[in-house]
Structures are given as C-alpha cells and as structure tokens.
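Contents: one structure, followed by commentary.
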Amino acid sequence: MAERIISMYEAIAEAIAQEMERDPRVFVMGEDVGFYGGIFGATTGLWKKFGDERVRDTPISEMGFVGAAVGAALEGMRPIVEVMFVDFTGACFDQILNHMSKIQYMSGGQLKVPVVLMTAIGGGYNDAAQHSQCLYGLFAHLPGLKIVIPSTPYDAKGLMIQAIRDDNPVMYFFHKGLMGLPWMTIIEATWAPVPEEPYTIPFGVADIKREGKDVTVVAVAMMVHRALEAAQKLEKEGISVEVIDLRTLVPLDREAIINSVKKTHRLLVVDEDYLSYGMSGEIVAIVAENALEYLDAPPKRLAVPDVPIPYSNTLEDFVIPSADRIAEAIKELVS
Amino acid sequence: MPVEREKLVELYRTMLKIRLFEERVAEIYWEGKSPVFNIAADPIPGEMHLYIGEEAVATGVCAHLRPDDMVAGTHRSHGHYIAKGGDLKKLMAELFGKKTGLCQGKGGHMHLFDAGLHFGCGGIIGAGIPHAVGAALAFKMQGKDNVAVSFIGDGAANIGAFHESLNLAAIWKLPVVIVVEDNLYAISVPKSKSTAVKSNAERAAAYGIPGVLVDGMDVMAVYEAAGEAIARARRGEGPSLIECLCYRYRGHFEGDPQLYKPEGEEEEWRKKDPIPNFRAKLIREGILTEEEANKIQEEVAALVAEAEKFARESPWPEPEEALKHVFL
C-alpha cells in the first residue's frame, strides 16, 4: 500500500482531531485557532469538525487563556492551548513558570495539570528578534514541564498524541520552517509518510537519524535537518557522522547521547536556541560527567551566539547554524 | 428571604473558626521567632499572612458553595480554605511543614491545595483569577451547574490577568464570581495611590457584567451579595464581581511594622469587627443565647487545639520526598 505523505501541520492537526474524537475532555484554545486553523496550520480543519465550544478562539490575552487552561485542567479537562509564537510566552510567563509547571508538585501530587501548550519556534525567515526565538532551553530549565520538539511529520503526530494523553503539563514546540507552510522556504523533510491511524511515540527516546562512527551530532527541530545535510556532504569526504534527534528535552534520552559518544568519541551539539545556559551546555555536561574518558577531542557547540535574532538576511544567516558551518565544525572536530 | 437559624449560626461558627485558628497560628509563629526573628525558624517557618479582620468575606461567600465548586484563593487564604469547609488539622500540619499536611509539606502557608474540596491558592498576586475562569469554563463544557470563585485583594485588580480574565469570563458567559477583598492596602500602598476608580465594582461595567460594592465587615451583606452572584452563575447567566470593603488588623505579613497605617485607623475598624458584632446581633435577635454563643466558642477553640496537637505530633516528611511529584 502506498504510504500517505502529509506535512507537519497536517500531522499535528490530525493528531489533535483524533484525540478530540477519542476523548471529550480534549479541547483547543488560542488566538486564531478556530476558523483560521492556526496561524501555522496546527489546528487546520478542527473548527469545522468540532465547532466553537471545543475549538475556541480567544482574545489576545495570553495570561488569561493560558491560566484558564490551567484552571480547566484542574477541573478535569485536557486543554491544548496555542500561544502563537514562543516569543509571546513573555505575556503569560507567570502562568507557565509558577503555576502550570508547579501545581502538581506544590499540591503534593494531589492535582494534575494535563495542559499541552503548543507554540511556534525558530527563525530563518526574517521575522527578527520577537518572532524567531526557540527558548525551549528556558522552559526545560523549569522543573515540572515536559519539553517536546518534533522534527518530522511522523514524530509530530506521535508525540502530539503522547502529549495529549500525558497527565503532566507538556510544552510542544513546532518549528515554523518544518510545518510545510507555503510561505516559508520549502525543505524536503517537511512532507513525509504518516500513518492515518493514531499512534504514540514515547517521551525520552531519541531517534538516531543516521548512524556514523566518527562524530556524534546532537540536535532538535530544524537543526536535525541541517546536521543531516552536513553529514551527507561529509560522507563524500570520508567522514562518518551520527545524527541524533533528541525529540524531547524533558525527559532527555541521556543514554542515547552517552552511548553514541562512547562509539564515535567526538561530540558536536547544534542548537538554534541561544548558546549560553541552554541545551548545548546541558548535553556537553552530561557527556563530561558520564563519558569524558571516551572523548578524543573537546566537545563542540554550535548555537546562536547569545544575540537576539537579527532581521537582515546576512545577519540572520550568520547567527543561525547552517549546514555548511555544521560541516566545518565537524571537520574541526575530526582533524 | 429570611435566613434560617442554622445558617446564621454556621456563619458565626465559620468566622470564629477562622479567627481562632489564625490567632493561634500567630502565637505559634511568634513562638519560634523570639527573641530573635528568624523567618525560617520552626514550628511555622516562612512568611505568614493572616486574614484576621476579613473573616466575613470568605464566610459570606463560601456559605453558598458546595464542595465540588471551585475556589481559587490568594496568598492570604487560610480563611478561604476554612470557609470552604477545609480540614483544620491538615491545614495546621501543612503550616508546620509536616507529612500529614494538605500538600505533605510541599506547599506551605501560601500554596494550599485540596483536590477533594476543589481548592487552590498561591503566592503570585492575581494568578488565581484565570484559574477560576478556566475551572468555570470546564464546568460549562461539562454541563455542570458548578461555580468557580476567585478571591483577590484590591491590589490584584490592577494586574493584567484581572482584566484579561474578566473579559474572557464575560465573552464566554462563564459561571465565575470574582470577589475583591479591599482591605485598603496592597502591602503598604493604599488603594487611593494605586487605583483610579473609587471602587473596583465600577470596573465590572467595562466588561458588561454586574459589579457591586458591599460592606465586607458585615457577613450578612456579603452573604446576600454573594448569594445573588452565585445563583446567577449557576443559572448560566455569567460572571459577576463583588468588592468587599474590609480591613486587615495585622500587617501584610507577620513582622510588618505597619508604619503606613494612620493612627487610630485600626481602632475605628475594630468597632466594625465582624465577629463580636455578629455575635451581639445573634444574641440580640434571639438566635443564640449568651450561653450557646460561649459554647460555640469553646467548641471551636477545642477544634483549633486539636489541629495544633495533630500538627505538632505529626512526622516530618522523609527528605527524599522532595524528589517526588515533579511529574505524576
């Protein structure tokens, strides 16, 4: 049977629709999630299918509706709430950092907060400093939030269904450049085979996208694809690159990282989030703590160099890791 | 409509329960804080915000609530919890940080949660308002006639979440009641310096919902206003806002020197104290005899003493418990 090829936004919307059919407690709210279908398409077709009650357009009130998602979850609902751009979480950060992530703990395990907060991340399309951030490292730092970052349509669907069924708060980050939107630079990986029936992908299990023996590259979202592109180029030069897609930062598949480094003896972390105090530092620390003696070279990090994302093409291209710069970094590691 | 005798006695008993519980909490708190004030000292460590003086508000509102109605409290929430029908022993044990506490010692005085009573509160001003709105949304979607109540101080009426939440509740016609406890001060800043309108009740008009200002020192006034608002919410007619004018006799926190309060202000408000006044009224109207009132006082004092004993004798949580419940 021919495999069905769909885009990531369709995969996410399909996952939500199937869970809404399965479980009447699931509903969606956020800005433009209704008739419009979500600015990045993640709720396409839901409003037509489920109506105003369960696919709820909100006013521009992130503090209000993210907090309301927490309250609804406390009363037994399973809300999916979209904050259009991750940058906009600034307007509701208190609800995420002090409430959504902590009520299960502060209540001594009495209360569950099964909210899925989905939001768009990533740059590469000249939207500049307030519409291009990733920030997942910031949220991964906070105890009590599960952090999901799919890089393919297949993962997007399985991880979304898993997120909706999880009893804990989950932050689900989708990369705008991977959604398959007609107004973004098209990359091939945007469309992929996705089964029609519902399925889940467990959290905390990394995906080894490509086996290799000379160097391990760890990444998420768009950087997975840039790393794969770099690996393909380097193959011709006789360098064998292993690419690991973490898929979730919390829980984190530490084993996959450690085992890979034990095999390749070299580590590069590529991150579209800021360099300092983030995902790349965490992974290097894990390797330093668990596999230091296996390293043949100091680990390397390639990330946004602690500057806001700039506007102009030349500037933006300079700060966000490209396949070429990933390839260069790998070559430096193996030389 | 006349209020039944039992209800009146219950209102009195609840106010007294809050008052005596907190007066005892204050004594225990200071027991560990003298001769040298150390905020972390047991038996009750941390900050302590007492509700003494404001009992009529929580009591008058919660008298209309069922256990399955939701209450989102504040950082000053012992009174809300007790009025909702909370367990004094578990509450006291939580203040002590004991394993038998409401949240097994993980929440403490500002973070009280009781899943069975649909009660929660927290230390961030106004953050509970959207939670109540969300709970009300859940009730509506579930086809229940339950109500959610958000208690806030007058200071919280100036944060963004207040306005966002009132708008959400109004457009979605949710069964939520916002109760503003105007105790004149947001920590030290008087309402006249922080709020341009005279009463927050006026702000309700901006969202197209009813808003009333009531005497928060008069439990019957609160009871009547809350009764209307809650009944309206249960009927599916949407949210309301009630502002209750009241006074906190103690500081914002225990140890607050209260230099911002004008001299004589407290004495004036003491004349309006909701508890002795209500007691006198019940006796005057023949609802209670002096003897019966004294008996209630003794019963409540015994409950508080029992709660204290339970808390003192309860075990500490195992240190490793700190690692549990990050995820469920």
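Chain letters run A, B, ... following the sequence lines, proteins first and then strands; every chain starts at 1. Note that these values count all heavy atoms, side chains included, but never hydrogens, waters or copies made by symmetry.
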Under the 3.5 angstrom rule, does the side chain of A:Tyr105 hit a backbone N or O of B:Leu323 as a donor-acceptor pair?
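It does not hold such a pair.
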
B:Gln142 (side chain) donor-acceptor with A:Glu75 (main chain) under 3.5 angstrom:
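Yes: the side chain of B:Gln142 pairs with the backbone of A:Glu75.
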
Can you name the closest pair of heavy atoms from A:His99 and B:Ala127 and give their distance?
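Answer, listing the atom of A:His99 first, then B:Ala127: NE2-CB, 3.1 Å.
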
Exercise: identify the closest heavy-atom pair between A:Leu111 and B:Leu328
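Shortest heavy-atom contact: O-CD1, 3.2 Å.
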
Using non-hydrogen atoms only, which part of A:Lys102 is less than 4.5 Å away from chain B: side chain, backbone, both, or neither?
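No part of it gets close to chain B.
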
Under 4.5 Å from any heavy atom of chain B, what part of A:Phe27 do you find: side chain, backbone, both or neither?
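Contact with chain B involves the side chain of A:Phe27 alone.
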
Taking the side chain as every heavy atom from C-beta outward, state whether [X] and [Y] have any atom pair closer than 4.5 Å.
{"X": "A:Gln104", "Y": "B:His325", "result": "no"}
{"X": "B:Phe327", "Y": "A:Val250", "result": "yes"}
{"X": "B:Trp172", "Y": "A:Thr58", "result": "yes"}
{"X": "A:Arg25", "Y": "B:Met141", "result": "no"}

Yes or no on side chain to side chain donor-acceptor pair (under 3.5 Å) for B:His131 and A:Gln95, after CA distance, side-chain angles and deciding distance?
CA-CA 9 Å; B:His131 299 171; A:Gln95 284 299 336; 2.7 Å; yes

[X], part contacting chain A, at a heavy-atom distance under 4.5 Å:
{"X": "B:Phe162", "result": "neither"}
{"X": "B:Ala132", "result": "neither"}
{"X": "B:Asn167", "result": "side chain"}
{"X": "B:Ile171", "result": "side chain"}

So which of B:Met70, B:Glu94, B:His118, B:Gln104 has the largest heavy-atom pair count under 4.5 angstrom toward chain A?
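Of the options given, most contacts go to B:His118.
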
